[in-house]
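Data block below; observations after.
Just so you know, these numbers come straight off a predicted model, no measurement behind them. One is the number of the first residue; the rest follow in order along the sequence.
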Amino acid sequence: MKEALFHLITYEKVKAVVESSGWEYEIAGKSVLDKNIYHVKIGNGEVKILIVAGIHGTEPAPVNACVVLMEALKGRYPMNYNFEKLENVELHIIPLANPDGFQRNYELFKAKNFEPHWSHVWEEARRNANGEDLNRDFMYLSQPETRAIHEVFNKVKPHLVLDLHEFYAKGGCPPKWADETEGFLSTITDTPYNWVNEGIRLISEKVANEIAKALPWRPKMRHFMAEAQEFPIVPNNVLGSHVPFEGSAKVLVESWGVGLAGYLMSDRVSVHLNAILTAIEYAEENPEKFLKVREEWEKEEMKVGREYKEFRITGREVEKAAELLRCHGIEFERDKDALVVKMPQKMGRMAILLLDREHWYNQELKKRKKGPFTVDKFFDVKVEAIR
């Protein structure tokens, strides 16, 4: 585990650790360059936590943390956290969501003798091999990696998603330290934005605050992609702003790390390990809170779309639209050449966000030039909202 703690590791290292870990795993999908996207399952509790790491290839510490986590959970009371083994939690891990970008980051750093430097950002490694930012694709699901992640999400139906990242500190870091420029060493975000179920918002906030107390680096709480208002409107095409609309609490944790190679890797890995173990500990001690929130969300979701009778989708690319609806768990029927989405339904909010360009949330995104992400923008189809 020393290598995982203190150095950049390769895709092959992640693959070897997963396949030899002894934990249950599956290949959830393939990257553009045909690398495996792994889904590891640990435990059988009622509360399901999904960890997603490595969406951006230039953010390695969360991936390393997942590698270490798989070993740490074999011991009693890992890192002295207050649980002996998983009893109430079923943990799901996608340890490396963007294997092509991650491997490219390693190769680029190797060519520079693993020197940390502010200029070693490498946008090509941040993205996947198609040049797409995977963390802007969770409405369209145009890339194989995001489809694989969302298929895991659909299968698991997590009560909590931990979205693990690293950030880039502006102003010449290194050699400067992040707290000399941006003023913090790690950040945590919950789910503050508008139209999210109140229970999901509150439990996200609670887990975020618990993590903040446990981190070894001084964290800064912030609202992800938010404006200076209490409940902002944010784009829903990003993993962290997407999953609350589909029933999951979410916490995003970022450490300072882009451009650093292996510099401070043990500290950075520790941030993510502590975040994961704190979330597990809280869920182990409070399973009923997560289960209650999910029950309330399911009831509320069936009320959200009552102003609609149905949506009808027609057009040349209706089959592509059908596949996208399926990927988002939206129920639909076929009527000759049309797709019919009956309302209300179990994914009411997501159906509205995808199908009603005139809905107030989508109109607010349009005003801010941050959306909307409706299906008729993706494909050659027409959507009719019938009230």
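The six-membered or imidazole ring of Y308 lies near that of F311, with a centre-to-centre distance under 6.0 Å. Here Y38 and Y25 bring their ring centres to under 6.0 angstrom of each other. In this structure, the ring of H120 has its center less than 6.0 angstrom from the ring center of W122. Between W195 and H359, the distance from one ring center to the other falls under 6.0 angstrom. When ring centroids are compared, F109 and F114 stay outside the 6.0 Å threshold. Ring to ring, Y361 and F245 are close: their centroids are under 6.0 angstrom apart.
Looking at D100, its side chain never comes within 3.5 Å of a backbone N or O of N128 through a donor-acceptor pair. The backbone N or O of S21 sits less than 3.5 Å from a side-chain atom of K74, completing a donor-acceptor pair. Distance alone, capped at 3.5 Å, places no donor-acceptor pair between the H328 side chain and the M350 backbone. Panel note: side chain E210, backbone A279; no donor-acceptor pair is recorded below 3.5 Å. Although no hydrogens or angles enter the test, the distance criterion places a donor-acceptor pair under 3.5 Å between the side chain of H159 and the main chain of K48. In this structure, S266 contributes its side chain and F6 its backbone to no donor-acceptor pair below 3.5 Å. Using modelled atom types, no side-chain atom of N237 and backbone atom of F138 make a donor-acceptor pair closer than 3.5 Å. Using modelled atom types, no side-chain atom of R349 and backbone atom of G247 make a donor-acceptor pair closer than 3.5 Å.
Side-chain atoms of I313 and L355, non-hydrogen and from C-beta on, do get closer than 4.5 Å to each other. Contact of the H39 side chain with the I27 side chain is not registered, since no non-hydrogen atoms from C-beta on lie closer than 4.5 Å. Contact of the V381 side chain with the V375 side chain is registered, since non-hydrogen atoms from C-beta on lie closer than 4.5 Å. At least one side-chain heavy atom of N236 sits less than 4.5 Å from a side-chain heavy atom of M139. Considering only heavy atoms from C-beta on, L141 stays 4.5 Å or farther from F378 through its side chain. Inter-residue side-chain proximity for P344 and E301 is flagged as unmet; no heavy-atom pair is nearer than 4.5 Å. Taking 4.5 Å as the limit, some side-chain heavy atom of L252 sits within range of a side-chain heavy atom of H165.
Distance check: L50 CG to E90 CD gives 11.0 Å after rounding to the nearest 0.5 Å. Atoms CD1 and CD1, from I93 and I51 in turn, are 5.0 Å apart once rounded to the nearest 0.5 Å.
With a 6.0 Å radius and a threshold of 12 heavy atoms from other residues, nucleotides or ligands, K170 has its NZ atom at or below the threshold. In the displayed structure, E46 atom CD is contacted under 6.0 Å by at most 12 heavy atoms of other residues, nucleotides or ligands. In K41, the NZ atom is crowded: over 12 heavy atoms of neighbouring residues, nucleotides or ligands sit closer than 6.0 Å.
Using bins of under 30°, 30° to 60° and over 60° for the plane-to-plane angle, the ring pair W256/W217 lands in the tilted bin.
Checked by atom type, the side-chain pair K15/N36 shows no donor-acceptor distance below 3.5 Å. Side chains of S31 and E145: a donor-acceptor N/O pair is absent below 3.5 angstrom, by distance only. Looking at H56 and T58, their side chains never bring a donor and an acceptor atom within 3.5 Å of each other. Of the N and O atoms on the side chains of K157 and S248, not one donor lies less than 3.5 Å from an acceptor on the other residue. Neither side chain, N82 nor Y77, offers a donor N or O lying under 3.5 Å from an acceptor on the other.
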